[in-house]
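A quick note: this is a predicted structure, and the numbers were derived from the prediction, not measured. Numbers for residues simply follow the sequence, beginning at 1. Each ligand, and each atom within it, is numbered from 1 in the order the structure gives.
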Amino acid sequence: MKKILDLLSEEMGAAFEAAGYDAALGRVTISNRPDLCEYQCNGAMAGAKQYKKAPIMIANEVAEKLVGNAAFKEVVAVAPGFLNLKLSEEYLLDYLKGMESDAKFGLEVPQNPKKIIIDYGGANVAKPLHVGHIRSAVIGESIKRICRYAGHDVIGDVHLGDWGLQMGLVITGVQDRQPELVYFDENYEGEYPTEAPFTMTELEEIYPAASARSKEDAEYKARAMEATFKLQNGVRGYRALWKHILDVSVTDLKKNYGSLNVEFDLWKGESDVHDLIPDMVKYMKEEGYAYISDGALVVDVKEETDTKEMPPCMILKSDGAALYNTTDLATILERMNIYHPDMMVYLTDKRQDLYFEQVFRCARKTKLVTPETDLKWIGFGTMNGKDGKPFKTRDGGVMRLETLIADTKEEMFRKIKEGRDISDEEAMQIADIVAVAALKYGDLSNQASKDYIFDIDRFTSSEGDTGPYILYTIVRIKSILAKYKEQGGNLAETKLQVAQSDAEKALMMQLSQFNAMMNSAFEEIAPHKVCAYIYDLANAFNHFYHDTKILVEENETKKSGWIALLVLTRDILETCIDVLGFSAPEKM
Ligand code: ARG
């Protein structure tokens with residue numbers, strides 16, 4: 001379906017044309033003076049110069065042409081030349097009927113869907129997820145769902161950090177604790193055990209201890225580097241041990257991501273492209289893209305128009321070791337070969353901006369991608385505590401994702417129990433669902449690139465621009481619908497009607513914006529647009545609800561019209577929270 005603003009602009013454009021003016025002047029926008037009108041058109045102001053005429057004269061002539069037009073109930077030309085518009089209730093009703101009978105509520109799906117890979121999550125194996133990773137997971141998951149809803153073919157890849165020095169550190173840490181393990185016996189030729197020699201809890205102790213020690217003890221660091229080298233070069237015992245680290249970690253990661261409704265299609269990592277690196281390097285050298293500088297192999301990515309420093313992209317260090325860049329480039333190569341994506345979207349913290357600029361330029365220059373391949377990087381801001389500094393635990397440590405979720409659930413549980421008679425068990429079940437919405441909405445409602453303050457009290461509040469407020473609204477609608485059924489009503493038989501009040505019309509107009517909003521959330525890769533929309537929609541609904549006694553209405557046609565409107569509102573709200581990556585409970 002066309003967007004309602006486009007349809008109204010077409011009507012207006014035709015009126016301009018009929019009055020002898022350029023149809024392009026007929027662009028209609030949502031009113032910025034809702035006290036005066038619902039929509040407006042400023043085309044007469046814009047046309048005044050071109051036609052050397054007072055804008056009010058143009059506006060009057062155009063208004064004349066719109067007398068009896070089916071789309072507008074009211075067209076008023078006001079000084080100095082604005083066209084103030086009110087929509088016809090019948091026209092709005094027809095539009096909503098169209099939405100109701102469309103699988104995507106009027107959102108047009110592309111004729112040629114794009115293949116899109118979203119690279120998000122980015123967890124590092126054997127290290128606990130910290131709050132920095134929560135933004136990547138939460139925003140990336142929503143972007144994936146928005147692109148999918150918009151009708152594209154989308155693959156989400158977690159792109160694990162599973163190949164760098166941290167793996168050597170863990171292996172060295174394990175060796176110190178259990179030197180007798182068969183993985184360290186160079187003469188061992190048998191099968192390796194299938195059970196991992198550590199649990200996740202142990203792994204989580206091993207990495208920080210090894211990492212801390214390597215910072216003070218140069219010899220220890222050299223051992224870790226040696227272990228990394230051996231692992232990357234295929235020493236059997238190291239590979240077998242690494243596989244255990246990976247398995248134990250991934251099981252734990254799946255659980256953690258799962259608790260946030262985050263799911264990946266691909267669980268690939270840096271290690272997966274290890275074998276592609278030698279050929280890629282050879283190609284870059286042969287084609288003359290890469291050259292040796294100070295012992296390292298680099299590709300220049302500077303461009304003449306650069307105003308800031310743009311260092312070359314390093315492909316191999318002077319000791320021949322691959323870097324973060326190298327695996328990212330090889331991953332681009334692999335993705336192009338296997339999936340032929342039209343677009344790759346990366347999510348990381350915004351401090352990686354220069355890094356991604358280098359990698360993307362290098363991929364283009366060395367023709368790892370085609371000129372049409374769209375490479376997008378979305379850098380997100382920091383999640384801060386109330387003190388404006390990166391969010392920490394009470395004792396100043398790095399806040400882990402699990403702790404953050406647990407704390408939010410606890411606060412949600414407390415709020416749900418407050419002054420109510422509800423069993424702990426039920427309150428806990430509700431808190432599980434609502435806490436995820438509180439966390440995610442708190443994050444997603446901000447523009448991704450901005451820092452934001454994690455305010456557990458505000459995020460879990462049932463009032464204001466919060467996840468719980470949206471869920472309360474949905475639950476309220478569901479409960480009215482349930483009561484309607486108890487009264488013997490049949491939802492399938494209800495029929496939308498022309499708006500009976502201003503509040504009802506406002507709700508209907510807000511619903512009619514759905515396709516335009518979803519389209520721009522996709523085009524601009526901007527989940528916060530979905531949040532802003534549902535916040536307005538929830539407000540419009542609640543206003544209507546307080547204004548209208550639905551269930552006691554005696555006129556069955558009216559009642560049925562309202563119920564049908566509730567069904568549409570519920571469906572759109574639920575579609576939106578689904579693309580944001582959370583869901584609503586049945587009761588709250
Ligand atoms: N593992 C990285 C980190 O923790 C994030 C990976 C982002 N993705 C990428 N393709 N580089 O910072």
Would you call [X] and [Y] a salt bridge, using N to O less than 4.0 angstrom?
| X | Y | value |
| --- | --- | --- |
| Arg135 | Asp349 | no |
| Glu219 | Arg223 | no |
| Arg148 | Asp265 | yes |
| Lys114 | Asp374 | no |
| Glu141 | Arg145 | yes |
| Asp457 | Lys386 | no |
| Asp451 | Lys350 | yes |

Hey, is [X] one of the residues with a heavy atom under 4.0 angstrom from ligand 1?
| X | result |
| --- | --- |
| Glu270 | no |
| Phe356 | yes |
| Tyr355 | no |

*Atom CD1 of Ile470 and atom SG of Cys576: how far apart are they, to the nearest 0.5 Å?*
9.0 Å
Nearest-contact summary for [atom] - protein heavy atom, Å:
| atom | answer |
| --- | --- |
| atom 4 (O) of ligand 1 | Asn124 ND2, 3.0 Å |
| atom 2 (C) of ligand 1 | Gly122 O, 3.5 Å |
| atom 8 (N) of ligand 1 | Asp119 OD1, 3.1 Å |

*State whether the shortest distance between N or O atoms of Gly161 and N or O atoms of ligand 1 falls below 3.5 angstrom.*
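No.
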*Do Thr348 and ligand 1 have an N or O pair less than 3.5 Å apart?*
no
Find all atoms of ligand 1 within a distance of less than 4.0 Å from any non-hydrogen atom belonging to [X], and give their numbers and elements.
| X | value |
| --- | --- |
| Gln352 | 12 (O) |
| Tyr324 | 2 (C), 5 (C), 6 (C), 7 (C), 9 (C), 11 (N) |
| Tyr346 | 10 (N) |
| His159 | 8 (N), 9 (C), 10 (N) |
| His133 | 4 (O) |

*What do we get for Thr331 next to ligand 1 when only non-hydrogen atoms under 4.0 Å count, side chain, backbone, both or neither?*
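Within the 4.0 Å criterion, Thr331 makes no contact with ligand 1.
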*Check Asp328 against ligand 1 and report side chain, backbone, both or neither, counting heavy atoms closer than 4.0 Å.*
side chain
_Test item: Asp162 side-chain N/O and Ser271 main-chain N/O as donor-acceptor pair under 3.5 Å_ = yes
*Going through the distances and angles, do Lys308 and Asp353 end up as a salt bridge (charged side-chain N to carboxylate O under 4.0 Å, His left out)?*
CA-CA 13 Å; Lys308 58 177 197 261; Asp353 62 342; 5.8 Å; no
